[in-house]
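Below, read A as the first sequence line, B as the second, and so on, with proteins coming before strands; counting in each chain starts at 1.
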Number of protein chains: 2
Amino acid sequence: MVSTLKPQLGANPERARSHNKQLVLRAIRHVGAVGRAEIARASGLSTQAVSNIISDLLGEGLLIEQGVRSAGRGLPVQQYAIKPDGGYAFGVEVRPTAVFTALVDLVGTPVLARRTPLRNAGKSTILETVSAQLASALIEARISKGALMGAGIVMPGPFGDTGLTGTESELPGWNTGDPAEIFANTLNLPVFVENDANAAAMAERMNGVARGLDDFAYLYFGQGLGLGLVQNGQILQGAFGNAGEIGHIQVLVDGHAVELESATSRLSVQACLAREGLDVTNMEDLISLYSSANRHLLVWLDKAAQALSSALSIIENLFDPQTVILGGAMPDVLLDHIIARTALPERSVSNRPDRVHPRLMRGTSGRMTATLGAAALVLHQAFTPTIAEAR
Amino acid sequence: MVSTLKPQLGANPERARSHNKQLVLRAIRHVGAVGRAEIARASGLSTQAVSNIISDLLGEGLLIEQGVRSAGRGLPVQQYAIKPDGGYAFGVEVRPTAVFTALVDLVGTPVLARRTPLRNAGKSTILETVSAQLASALIEARISKGALMGAGIVMPGPFGDTGLTGTESELPGWNTGDPAEIFANTLNLPVFVENDANAAAMAERMNGVARGLDDFAYLYFGQGLGLGLVQNGQILQGAFGNAGEIGHIQVLVDGHAVELESATSRLSVQACLAREGLDVTNMEDLISLYSSANRHLLVWLDKAAQALSSALSIIENLFDPQTVILGGAMPDVLLDHIIARTALPERSVSNRPDRVHPRLMRGTSGRMTATLGAAALVLHQAFTPTIAEAR
DNA sequence: AGCGTTAACTCAACTTTCTTGAGTGTTCAA
DNA sequence: TTGAACACTCAAGAAAGTTGAGTTAACGCT
């Protein structure tokens, strides 16, 4: 009867300070090196307040002084930058056969990255493996656990019991309990869980082609095809955390309606080439097929581009993003080929003359994208002001 | 070279207070009547802080005492509620042939609503008409201008120069300058501009079936078909304010790909019936055709439901909303018919057993939906905490 | 019926953090 | 050479939150 109040944070001095700290960090990260006055103007705070906050952050080892810049008249600007070893983030990508882990510093540079095969895909095996990898990563990088700000975990979605469960690539045993909580308890760290596409999008935003973009979409070629949506600088998660399940929508290829994922994904290209007797298991195989201009691969690429054009129309018209990024487990040359061949829909809100970004861009590809993205989730959190965050 | 800092507000005492005030108002609005302790728990503020804020809000005439409720042990709760005449919002919907206006009180109850025909669709004519309507509305309702919190304006999108311009129903002369600013200067009020679908979605969230929902989609039957997306309680606007342009995406009807809007919109049903020699100009005509079970109308409804099923699959899988609402310029009986006939996609993240809301619901329909939604934009703003709002 | 427990709310003192305004040092331009 | 522009610091003051003790009212156990 009594509808419960959704918790949302009020502002008290402590939270205000924390909010402002993150605001300052974000501003410094955004431009690499800035002075206090500029931050003050952008944030609506007094220079004094910014000065105090920066001196705090220096004390916490999150910032370093970064020389002076004399900009026209007046006292030269004392600039500050993020201190790379001010903190670290642990990124984990869980797959049915292996766990990928990476350690990333505060500016997003990978310190180490590793692939660990799994004996089995059981929940406890995964938790043990991740724990062990975290411990050994800390030792290898000579970092204290206190310097770890958190862990990002990439797991195959969708989460919970949906109409899409029962499909391939699922991990058993994770439908009960909140994965984030389970990992948080095991690792004793703040944990953020996302799917591969969302994580990849954040990686791109932290240190890739989407740097500084607040509204974009990321199409992630994985086992299937995932969509990561960033709106206003935040990942769009949906009511139950399953937004971006684009793989199952219908698109047109050669006049026929097919599931998008069946035309553009790693499984799709493997299946297509397997029908022609070609056994492709890794990215190198694909690259060599492409460099030899394999006809079947080119046909597949053409169909993938067609499917993508439909998908692009939907994404652009529904989200009106600054750009759409393509990346993931697909060689760069193939992504570039697809991008070059994808017809940019004319009837689209994105077809505007005053664009500054291309409508379709290639992001970081390769096996570690999502893992680094997992770590990027932690960094994102560290650089995002907290008050008024609803969840 | 120097990338500019995106302004984002830091927290100072003044803004913290304003944030907290809105938080308290929102909490009270959400449940109708609450006590201070409960708000304190939900917001993470002390009861003392909430008490102080409430006494402020009482002084400003935004709240009224709402009796005591004895809930178990302890001192009975002194409850508070929004004071209806604590403020008013003006809603405007601009169409090429007429301007719709409405005055709404702080709890969302319409005080008056009106349709004013336009001599022409020129910019100055519109501005004059809206100004005049605002003035006369204040007089008629005996409200001082000071009690007006702002104006919401609904205008046909998309905004700016896109691949979709040059189509029907546009207003000339609004592509230069920011419409919000122009109206704000003319009316001398805070102004919020949105398209019809977004406004309707907010109306539904304020006082309709989406009350209390933070993640949902609203399909608005207007001239065409628009999609209003609410994510985390906020309208999803996209990078250039044109998100939700769903009318032009391709869907399948009887195995053929067509533009969604050509199968489900007012223009579509009019065109379809006109081909059969039936001239339908208003909702009453449609209702009588429906009650006489007109074959052509039933065929159209069937196709609309088919198209909608495709659209629903896309919306659900991309946004993972709590529910999808149908409303707008279409009679309730027709909306209900369409909803009953729309196949709910099985392969959808929304097809989950633990749902609490239906996947498809009917919202408020009728000519004034978007106009009331325009006013709801103002209310929404009044009830939304401000710190960390990025735009 | 009496009395201890529970819970909402208030009062007054205290704390945190921000702002303000005066003052310092550096640079550029007239 | 001088003054304006600008970044930054210092110290005092102001705003808004928290804390802890005290008050009041309802419930429930004896």
Side-chain angles (χ1 to χ4, degrees), chain A residues 2 5 8-24 27-28 31 33-60 63 65-80 385-388, chain B residues 2 5 9-24 27-28 31 33-60 63 65-80 385-387:
Chain A
V2 173
L5 276 180
Q8 183 166 3
L9 287 184
N12 60 16
E14 184 187 342
R15 288 198 278 258
R17 175 65 136 198
S18 149
H19 173 95
N20 290 344
K21 268 186 188 171
Q22 281 161 302
L23 203 67
V24 167
I28 292 175
V31 286
V34 242
R36 283 161 275 198
E38 196 181 347
I39 297 174
R41 279 189 297 267
S43 63
L45 295 172
S46 60
T47 43
Q48 185 58 59
V50 174
S51 274
N52 293 341
I53 289 165
I54 283 190
S55 106
D56 261 30
L57 293 172
L58 282 171
E60 292 170 29
L63 291 183
E65 298 196 345
Q66 180 84 331
V68 290
R69 167 172 53 93
S70 90
R73 279 186 185 179
L75 198 68
V77 182
Q78 172 62 55
Q79 296 186 117
Y80 296 90
T386 43
I387 299 183
Chain B
V2 174
L5 277 179
L9 287 185
N12 59 18
E14 184 187 343
R15 289 199 278 259
R17 176 63 139 199
S18 148
H19 174 94
N20 290 343
K21 268 187 187 171
Q22 280 161 304
L23 204 66
V24 168
I28 291 175
V31 285
V34 242
R36 283 160 275 196
E38 196 180 349
I39 298 174
R41 279 189 298 266
S43 62
L45 295 171
S46 60
T47 43
Q48 184 58 57
V50 174
S51 274
N52 293 341
I53 290 165
I54 284 190
S55 110
D56 261 30
L57 293 172
L58 282 170
E60 293 168 29
L63 292 183
E65 298 196 345
Q66 181 84 331
V68 289
R69 167 173 54 92
S70 86
R73 283 190 181 176
L75 196 68
V77 183
Q78 171 61 56
Q79 296 185 117
Y80 296 90
T386 43
I387 299 182

Original post:
Looking at dA7(D), dT19(D), dA16(D), which one has an atom nearest to any side-chain atom of Ser46(B)?
Top reply: dT19(D)
Original post:
Can you tell me how far the CD1 atom of Ile28(A) sits from the CG atom of Leu63(A), to the nearest 0.5 Å?
Top reply: 4.5 Å
Original post:
Want to settle it: does Ala16(A) or Pro76(A) sit nearer the 5' end of DNA chain C, counting the closest nucleotide to each?
Top reply: Ala16(A)
Subject >> Among dA7(D), dG17(D), dT9(D), the nucleotide that comes nearest once only the side chain of Arg41(A) is considered >> reply: dA7(D)
Original post:
Can you check the Ile54(B) CD1 to dG17(D) P distance for me, whole Å?
Top reply: 12 Å
**OP:** Looking only at non-hydrogen atoms, find the nearest pair between Ala11(B) and Ile387(A) and report the distance.
**Re:** CB-CD1, 4.4 Å
Original post:
Which sits closer to the 5' end of DNA chain C, Glu14(A) or Gly74(A), going by the nucleotide each is nearest to?
Top reply: Glu14(A)
Original post:
Under 4.5 Å between any side-chain heavy atoms of Val24(B) and Arg36(B), yes or no?
Top reply: no
**OP:** Look at the side chain of Gln78(A) against the base of dC8(D) and say whether a donor-acceptor pair falls under 3.5 Å; ignore hydrogens and angles.
**Re:** no
Original post:
Pick the nucleotide of DNA chain D nearest each of Pro13(A) and Val77(A); which residue has the one closer to the 5' end?
Top reply: Val77(A)
**OP:** Work out which heavy atom in Gln78(A) is nearest to a heavy atom in Gly67(A); give both atom names and the distance.
**Re:** NE2-O, 3.6 Å
Original post:
Which is the 5'-most and which the 3'-most nucleotide of DNA chain C that has an atom under 4.0 Å from a heavy atom of chain B?
Top reply: dT5(C) to dT19(C)
Original post:
Does CD in Glu60(B) sit with more than 12 non-hydrogen atoms of other residues, nucleotides or ligands closer than 6.0 Å?
Top reply: yes
Original post:
Nearest heavy-atom pair of Glu65(B) and Leu58(B): which atoms, and what distance?
Top reply: N-CD2, 4.3 Å
